[in-house]
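A quick write-up on the structure given underneath.
In this text, all values refer to a predicted model and were calculated from it rather than measured experimentally.
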Amino acid sequence: MSSVLIPIVAAIIALGVAAQVLADRFQVPSVIFLLAAGIIVGPEILGLLDPNAFGDALSAIVGLSVAIIVFEGAFHLKLEKLRSAPGAVIQLVTVGAAISLIGTAIAVRFLLGQSWPVSLLVGSLLVATGPTVISPILEVVPVRDRVAAALETEGVVNDVSAAIMAVVVFEAVLHPGDPIGVLVQDFSARLGIGVAVGVLVAVIVWYLLRHIDLSARSAVQNARLIVLASALVSYGLADSLASEAGIAAVATSGMLLGNLDLPYEQDIESFKGDVTLIVLSFVFIALAALLSFEDLLRLGLPGLAVAVVVAGIVRPIGVLLSTTGGRLTTAERFFISGVGPRGIIPASVATLFAVELQAAGQTEVANVLVGVVFLTILFTVVVEGGFARHIAESLDVIPMRVLIVGGGTVGRALAERLEDRGENVVIIEQDEQMIERCREQGYTVHKGDGTDTDVLRKAGVENCKIIVAATGDDDVNLLVAQLAESKFSVDTIIARANNPDNVDAFEDLGVKTVSSSIATAWGIDNIIERPALANWMTEIGRSGDVQEVEVTSEQHVGKTIDEFDGELPAGVIIALVGREGNNQVPDPDFTIQRGDHLTFLGRKEAVREALDLCHPHD
């Protein structure tokens with residue numbers, strides 16, 4: 001047996017690595033390549049990989065792999081991120097989940113003619129989106145933190161609720177005479193056991209990492225192994241007490257440990273990420289190889305219609321209703337509506353259920369269950385996962401990430417203007433009062449010292465385009481600028497100089513510097529000498545705007561300013577043209593070249609239309 005399994009496992013891992021490389025190359029979620037690889041090498045096409053070679057061990061391997069994946073996803077759910085969209089998160093996992101369950105059940109009932117218990121079983125499974133499919137999408141689509149928080153939390157929580165709910169409904173399918181009260185009690189018991197085990201394991205692991213003296217040579221390695229073992233132990237212990245309670249346990253322990261102050265946290269996260277990539281590859285390829293074209297074709301167009309209804313009607317209705325009145329913009333709500341791929345939990349649990357249903361003589365139900373679930377997974381992963389970046393770009397929800405160190409008056413005022421333009425702003429602040437004030441105004445805040453490299457990393461400095469040091473302490477601002485330049489190579493570094501005598505020190509580092517006192521003097525001078533312009537400038541970000549953009553559209557290269565001006569919307573003018581570092585007010589016959597930087601001034605809406613003309617989305 002081992003001689004057969006070794007090349008199979010090696011092949012799956014090799015395919016998984018290849019899928020990850022291709023995903024990075026083409027900037028699409030890796031699950032698309034993983035699914036394709038599993039189907040191609042599986043029995044349906046090349047026949048090189050037969051998951052049945054694992055026998056009964058496959059379900060155990062998949063279960064432990066899912067435990068690691070869910071644990072890793074929950075570990076990354078930080079409270080700071082959750083606070084950025086609390087209303088949306090709560091409603092997505094309650095109202096949104098209920099709409100998904102009911103809507104999917106109705107589709108299965110009337111499109112496929114199945115009984116209500118079977119329809120509800122399919123609906124309960126397809127509630128789950130899950131970190132297995134959401135995380136790869138968010139790796140290639142850098143959306144705003146509050147959008148990522150909503151999607152990630154929905155994935156982790158719905159994985160738990162869907163797995164437990166499906167087990168309870170499955171019992172109702174096998175034993176239709178059980179009263180509804182028994183089913184509710186069963187669901188609550190399984191969830192309670194999972195949460196209790198997860199809390200217990202998290203407390204033990206926290207104690208071990210904080211209070212046991214790990215030797216210096218192997219401290220990091222031991223910390224990694226303890227955390228990895230905690231995921232497997234919490235899953236195994238809870239699942240032995242109640243079926244599918246293990247998912248709730250790993251989600252609970254992962255979320256708790258991820259928000260505790262653990263030693264070697266960065267090393268733990270890096271290690272878990274590598275392990276997760278391996279098990280994710282194994283699970284997706286192995287389960288995709290189980291896919292039967294016969295099961296899919298048997299469903300025909302009604303089966304495909306169910307998948308389309310789930311993704312194109314039920315999902316948008318659930319998201320739009322559950323996010324009404326929150327902080328998410330309309331574009332962000334539509335993006336979340338269009339990104340709800342189903343993942344490992346529905347596939348693995350449906351496969352296990354199908355085996356039991358066939359043993360109970362319900363072969364037709366088993367075929368419908370597996371067919372609908374796998375067809376929906378394929379449809380949502382390929383369509384929603386594959387086009388996630390295009391959806392985000394068309395809705396303009398991929399912002400530029402800006403990190404502001406200092407949540408005082410200056411930092412919050414700057415954040416307001418940047419967020420109004422749709423940028424993803426993250427503030428770093430360590431004063432509790434300032435943190436609460438920032439959060440009250442709806443900003444994403446990371447608590448900590450902005451001169452600490454670990455704090456900067458957690459806030460996302462490695463992915464940011466601009467960092468602004470805006471504290472009231474010039475020494476802090478100077479150190480932040482030095483770290484951003486030497487450690488993280490941020491594209492644009494801007495610093496606030498509270499003392500004008502320190503401007504030269506900042507500029508010697510190549511840091512763009514704004515002196516508070518000089519800026520104030522300019523502002524007062526503008527009010528005295530140019531009152532109309534000064535009054536208009538205060539409206540920038542409200543009714544008016546000034547924006548600079550690089551010309552990338554070949555359609556406008558070679559045109560004169562006079563020709564291009566005739567195509568601009570009303571209410572906007574070209575104030576400056578920058579070329580090779582030189583800026584000038586352009587003459588009407590000035591010819592635009594690719595790479596020129598145009599500065600538009602005018603009404604906010606008109607300015608943004610002009611930006612799209614010069615630099616359209618791909």
For the residue pair Asn259 and Phe75, establish whether any side-chain heavy-atom pair is separated by less than 4.5 Å. no

Does the side chain of Arg109 come within less than 4.5 Å of Val118's, by heavy atoms? no

Using 30° and 60° as the class limits, which term best fits the ring planes of Phe170 and Phe353: parallel, tilted or perpendicular? parallel

Any Val425 side-chain heavy atom under 4.5 Å of Thr444 side chain: no

Show your reasoning for whether salt bridge (Lys or Arg N to Asp or Glu O under 4.0 Å) applies to Arg401 and Glu423. CA-CA 6 Å; Arg401 190 177 186 89; Glu423 308 302 352; over 6 Å; no

Please check if atom CZ in Phe334 has more than 12 non-hydrogen atoms from other residues, nucleotides or ligands closer than 6.0 Å. no

Could you check if a side-chain atom of Val397 sits within less than 4.5 angstrom of a side-chain atom of Arg144, using non-hydrogen atoms only? no

Pairwise side-chain contact, Arg342 with Val381, heavy-atom cut-off 4.5 Å (strictly under): no

Is it the case that more than 12 heavy atoms not belonging to Gln441 sit under 6.0 Å from its CD atom? yes

Under the side-chain hydrogen bond (donor to acceptor under 3.5 Å, both in side chains) test, residues paired with Glu154 that sit two or more places apart: Arg315

Sub-4.5 Å side-chain heavy-atom contact between Leu125 and Met165: no

Nearest heavy-atom contact between Ala242 and Ile193 is CB-CD1, 3.8 Å

More than 12 heavy atoms of other residues, nucleotides or ligands under 6.0 Å from CG of Leu301: yes or no? no

Can you give the donor-acceptor pairs under 3.5 Å from side chains of residues 194-204 to other protein atoms, not counting sequence neighbours?
none

